[in-house]
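First the proteins, then the strands, lettered A, B, ... as listed; each starts at 1.
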Protein chains: 2
Amino acid sequence: MDSQDFAKTFLPEVTVDVVLLSIRSDGSLVTLLAQRDEEPFKDTWALPGVFVGRDETLDAAAARALRTKAAIVGDVFVEQLFTFGDLNRDPRGRIVSVAYYALVPEGRFATAVARNKDAVIARIDASATDDGIAVRNEAGKALKLGFDHGRIIGMALQRIRGKLNYAPIGFELLADEFTLFELQHIHEAVLGRKLNKDSFRRKMLASGLIEDTGQRRSGTAYRPAALYCFKKAER
Amino acid sequence: MDSQDFAKTFLPEVTVDVVLLSIRSDGSLVTLLAQRDEEPFKDTWALPGVFVGRDETLDAAAARALRTKAAIVGDVFVEQLFTFGDLNRDPRGRIVSVAYYALVPEGRFATAVARNKDAVIARIDASATDDGIAVRNEAGKALKLGFDHGRIIGMALQRIRGKLNYAPIGFELLADEFTLFELQHIHEAVLGRKLNKDSFRRKMLASGLIEDTGQRRSGTAYRPAALYCFKKAER
DNA sequence: CAACATATATGCTAGATGTAGATATGTCAA
DNA sequence: TTGACATATCTACATCTAGCATATATGTTG
């Protein structure tokens with residue numbers, strides 16, 4: 001980029017949008033959407049997002065979007081996803097959006113939604129494509145998405161599916177202590193298919209990423225499963 | 001992103017920088033850098049990049065950077081890499097850069113460099129880290145990189161390494177016809193380690209991605225290897 | 001025509017994964 | 001107290017893949 005280009009350029013707005021993902025114990029993959037109360041896309045649902053501030057990094061803007069638009073505070077797994085720069089993605093003008101995704105356990109997700117009267121839980125249909133995705137509310141009714149946010153959510157799902165093969169992102173979606181079968185359910189929800197129970201157990205135990213806490217999952221009507229936790233040092 | 005945010009925002013510049021990657025027959029991984037003849041970072045080497053135009057998508061800006069700053073025309077494999085938005089990455093002001101990477105065969109890379117008197121071939125040291133990377137010219141002298149471009153190149157290398165596991169990007173770096181051993185050399189250069197010849201052959205033949213052209217690589221002083229090509233339909 | 005260098009094919013071994021069955025351990029009801 | 005029950009956990013075995021060694025094939029070169 002040369003200085004001589006400066007005169008010819010213009011100044012697009014830059015926003016950050018965040019796909020907050022969680023997996024519920026029934027196996028459904030969910031994200032948090034906020035209802036738009038103004039044009040454009042009034043009365044549709046959109047991802048939490050903010051304009052990037054003058055002295056704010058992109059990562060900081062993502063954290064602010066989570067804090068102010070999704071009531072998520074404290075440590076969260078957040079990672080940059082993709083940058084969307086189509087010409088007419090926002091009717092207000094040329095806006096480039098840097099998309100992020102975040103992963104939280106079910107409990108934190110529920111708390112965040114409860115604190116936000118404008119927010120809704122959106123179930124993500126497992127058949128994600130590159131072109132976008134359909135979301136439904138808890139009653140099963142389709143939610144109309146604003147902007148190109150369907151495409152952003154679809155890309156977030158693709159990303160975590162790929163990431164599961166080489167990174168321990170399943171742990172980000174679980175509480176501190178969990179059984180192996182619960183971890184398996186997380187993987188199945190992300191991948192959208194069933195996994196072999198014994199193979200999964202073997203691979204996880206051999207991975208060295210988890211350790212037995214010595215505790216058991218109580219309150220079951222059958223043999224309780226051992227509770228494991230994520231080895232912090234290995235992280 | 002709400003309309004009420006508009007007043008509070010400012011307008012950062014948005015640029016696109018492209019890491020043009022190729023692999024030479026000696027196994028070296030190379031990229032094209034342009035000498036900066038102005039401040040900031042005068043007399044250092046930088047990636048080809050342009051400011052994003054008013055009516056230009058990010059992908060189109062990347063194509064323009066390749067065309068005008070790297071003399072690369074026509075079809076190329078180009079993909080978005082990551083967006084860099086640190087506060088002081090450019091001393092001229094707040095500039096957000098959307099990085100792309102492109103893959104071309106050795107021949108096209110050499111032609112592009114030859115057409116550009118400001119351009120230089122930069123060999124990439126295989127020991128890439130997330131923090132950046134060192135590059136050297138053909139004489140082995142270290143090239144000083146401007147901006148955060150060392151970090152961008154490092155991330156490009158990480159990306160293609162990961163991508164090699166599930167996508168046939170090796171073909172983007174080769175001519176239309178190639179021997180299996182030549183394809184293996186590409187993979188070895190990307191991964192930075194030797195591969196087992198027989199296993200590689202078996203896996204490639206079983207992948208269904210390539211087909212025998214019936215031709216042989218002539219001009220060798222030993223048994224000529226079969227030439228394969230990439231199955232277009234499967235792509 | 002034989003030496004040579006590399007391509008190509010084949011068989012063996014170790015590790016990872018899918019599957020089936022056996023065993024362990026908690027709750028619950030009689 | 002005891003046995004049925006459901007799930008957790010373990011063990012054995014088949015299958016598949018990658019790495020490795022060896023044997024064979026096919027060009028060039030003297």
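One finds a side-chain N or O of B/R201 lying less than 4.0 angstrom from the OP1 or OP2 phosphate oxygen of C/dT8. Residue B/N196 places at least one side-chain N or O closer than 4.0 Å to OP1 or OP2 of D/dC20. Distances shorter than 4.0 Å separate none of the side-chain N or O atoms of A/T220 from OP1 or OP2 on C/dG26.
Atom pair A/Q184:CD and C/dG18:C1' shows a separation of 13 Å (rounding to whole Å applied). Rounding to whole angstrom units, CZ of residue B/F200 and P of D/dT17 are separated by 17 Å. Put simply, CG on B/L183 is 13 Å from P on C/dT8, counting in whole angstrom units. Protein atom CG of B/D212 is 12 Å distant from nucleotide atom C1' of C/dA7, rounded to whole Å. Residue B/K197 contributes atom NZ, which lies 16 Å from atom C1' of C/dT10 at whole-angstrom precision. If you measure from atom CG of B/N165 to atom C1' of D/dA18, you get 14 Å, rounded to the nearest angstrom. Summarising the geometry, the separation between CD on A/E182 and P on D/dT9 is reported as 11 Å, rounded to the nearest angstrom. What separates CG of B/L227 from P of C/dA7 is a distance of 12 Å, to the nearest Å.
Contact of the B/I121 side chain with the B/R24 side chain is registered, since non-hydrogen atoms from C-beta on lie closer than 4.5 Å. A 4.5 Å side-chain heavy-atom check between A/I160 and A/L21 finds at least one atom pair inside the cut-off.
The 5' end of DNA chain C is approached more closely, in terms of each residue's nearest nucleotide, by B/L205 than by the other of B/L205 and A/K203. Summary of the strand contacts: A/P224 and A/R202 both lie near DNA chain D, and taking for each the nucleotide with the nearest heavy atom, the more 5' one is attributed to A/P224. Between B/A221 and A/R216, the one whose closest nucleotide on DNA chain C sits nearer the 5' end is B/A221.
Using a 4.0 Å cut-off between a side-chain N of Lys or Arg and a carboxylate O of Asp or Glu, B/R151 and B/D86 qualify as a salt bridge. Salt bridge status for B/E177 with B/R217: absent, with no side-chain N to carboxylate O gap under 4.0 Å.
A donor-acceptor contact under 3.5 angstrom links the side-chain atoms of A/R223 to the base of C/dA24. Judged by distance alone, with hydrogens and angles left aside, B/D198 brings no side-chain donor or acceptor close enough to the base of D/dA18 to form a pair under 3.5 Å. Contact annotation: side chain of B/R217 to base of D/dG27, donor-acceptor pair absent below 3.5 Å.
Listed nucleotides: C/dA7, D/dT7, C/dG21. Nearest to the side chain of A/Y222: D/dT7. Nearest to the side-chain atoms of B/F181 among the listed nucleotides C/dA7, D/dG19, D/dT9 stands C/dA7.
Residue contacts for A/A206: at a heavy-atom cut-off of 4.0 Å it reaches no nucleic acid atom on any strand shown.
Checked against a 6.0 Å centroid threshold, the rings of A/F171 and A/F178 count as neighbours.
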